[in-house]
There are 2 protein chains.
Amino acid sequence: MPKLTAQRQAILDLINASNRHWDADEVVRALVDAGASIGIATVYRGLAALESQGLIDSIQLADKKRYERADKAHHDHMVCTGCGHIEEFSHDTIEALQEAAAEKKGFKLTGHQLVMFGFCRKCRQELHT
Amino acid sequence: MPKLTAQRQAILDLINASNRHWDADEVVRALVDAGASIGIATVYRGLAALESQGLIDSIQLADKKRYERADKAHHDHMVCTGCGHIEEFSHDTIEALQEAAAEKKGFKLTGHQLVMFGFCRKCRQELHT
DNA sequence: TAGCATAATGATAACTGTTATCATTATCGT
DNA sequence: ACGATAATGATAACAGTTATCATTATGCTA
């Protein structure tokens, strides 16, 4: 049972304040810039604690982990290879099909992660220039 | 146009010989154990080269990248949190739904990765012991 | 409310997977 | 065979993350 300390509350507030997907480094920087005193190790531990309590969500990208607001209805992500923009989307049918596929293999699902890569509308236009 | 050197051929043969999902370290170890002389850097470059030519596929897991035989029909993965076992599965409908979702957001898809986490049949039984 | 066990903090060392460097060697087209 | 180009391998460097450890905060409990 992790404690919701002042530092963790600050992290949580920061993440809850927007739709952004934050990495640990961005979180420290934002908090320090806002006048808080917090170290990178504390941020890593805080993020892990908050996630374990279901207060925030995360996606594991190739290079780093990014955290976002908790969403009771699980959603997936589209990542733009051009600019890094992350778009969210949810699709009940996909979820259901996953469950069915797992069932067929004898798996008891605990979670999943679907990331789609491509170019967002803006970057597509720039490619054609 | 990368060259298919002796080292890269050895990597390719190793990966093609099974359904396993290899990380770079396992590849060097296997090749060295088999009497080959190859360095870790060469393996990393070889794996990247082979993948860029479509001769092998890869999945990016949280900690490391794993390589497997190329599969023209894209498949996704179920990873057992208990023992690390990786099961493959493919589902045309899921693929189609992803395309549709991307279209709706203005994304031009270039790829995707769906990883499901859970417990395989064997590990489920052990949990109940 | 004081005392105390437990957990969190923060600076930094350590670790892991991966990429860069660079001198040497192999490859391939002419 | 020559020469340009690319690959190799040992190792340094790098990025993200976790471990260590002395110090500080938290929140029971008496």
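If you're wondering where the values come from, they're calculated on a predicted model, not measured in any experiment. Quick note on labels: first sequence line is chain A, next is B, and so on, each numbered from 1.
- For the pair A/Ile11 CD1 and C/dG10 C1', the computed distance is 13 Å after rounding to whole Å.
- Per the geometry, NZ belonging to B/Lys3 stands 9 Å off C1' belonging to D/dA4, to the nearest Å.
- Among the protein residues, B/Thr42 comes within range of the nucleic acid bases, having at least one heavy atom under 4.0 Å from a base atom.
- Ring centroids of A/His112 and A/His74 are separated by less than 6.0 Å, placing the two rings close together.
- For the pair B/Arg29 CZ and C/dG17 P, the computed distance is 10 Å after rounding to whole Å.
- Looking at heavy-atom distances under 4.0 Å, A/Asp63 makes contact with sugar-phosphate atoms alone, never a base.
- The residue among B/Thr5 and B/Gln60 whose nearest nucleotide of DNA chain C lies closer to the 5′ end is B/Gln60.
- Note: CG (A/Asp23) to P (D/dT18) measures 13 Å, nearest angstrom.
- Between A/Leu114 and B/Ile94 there is no side-chain heavy-atom pair separated by less than 4.5 Å.
- Taking the nucleotide of DNA chain D with the nearest heavy atom to each of A/Asp25 and A/Arg45, the more 5' of the two is matched to A/Asp25.
- The side chain of A/Gln7 contributes an N or O atom lying less than 4.0 Å from OP1 or OP2 of C/dG10.
- Remark: A/Trp22 CH2 to A/Arg20 CZ distance equals 4.0 Å, nearest 0.5 Å.
- In this structure, A/Leu47 atom CG and D/dT18 atom C1' are separated by 14 Å, rounded to whole Å.
- Atom C1' of nucleotide C/dA8 and atom CD1 of A/Ile38 are separated by 11 Å, given to the nearest angstrom.
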### Task
For the pair B/His85 and B/Glu87, evaluate side chain to side chain donor-acceptor pair (under 3.5 Å) and give the outcome as yes or no after the intermediate values.
CA-CA 7 Å; B/His85 171 68; B/Glu87 188 87 40; 3.0 Å; yes
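- Nucleic acid contact for B/Arg8: sugar-phosphate only, since backbone atoms but no base atoms lie under 4.0 Å from a heavy atom of the residue.
- Ring-centre distance between B/His91 and B/His75: not below the 6.0 Å cut-off.
- Considering only the side chain of A/Tyr44, D/dG16 comes nearest among D/dG16, C/dA8, C/dT9.
- Rounded to an integer number of Å, the gap from A/Leu4 CG to D/dA25 P is 18 Å.
- Atoms CG (A/Leu50) and P (C/dA8) sit 11 Å apart, rounded to a whole Å.
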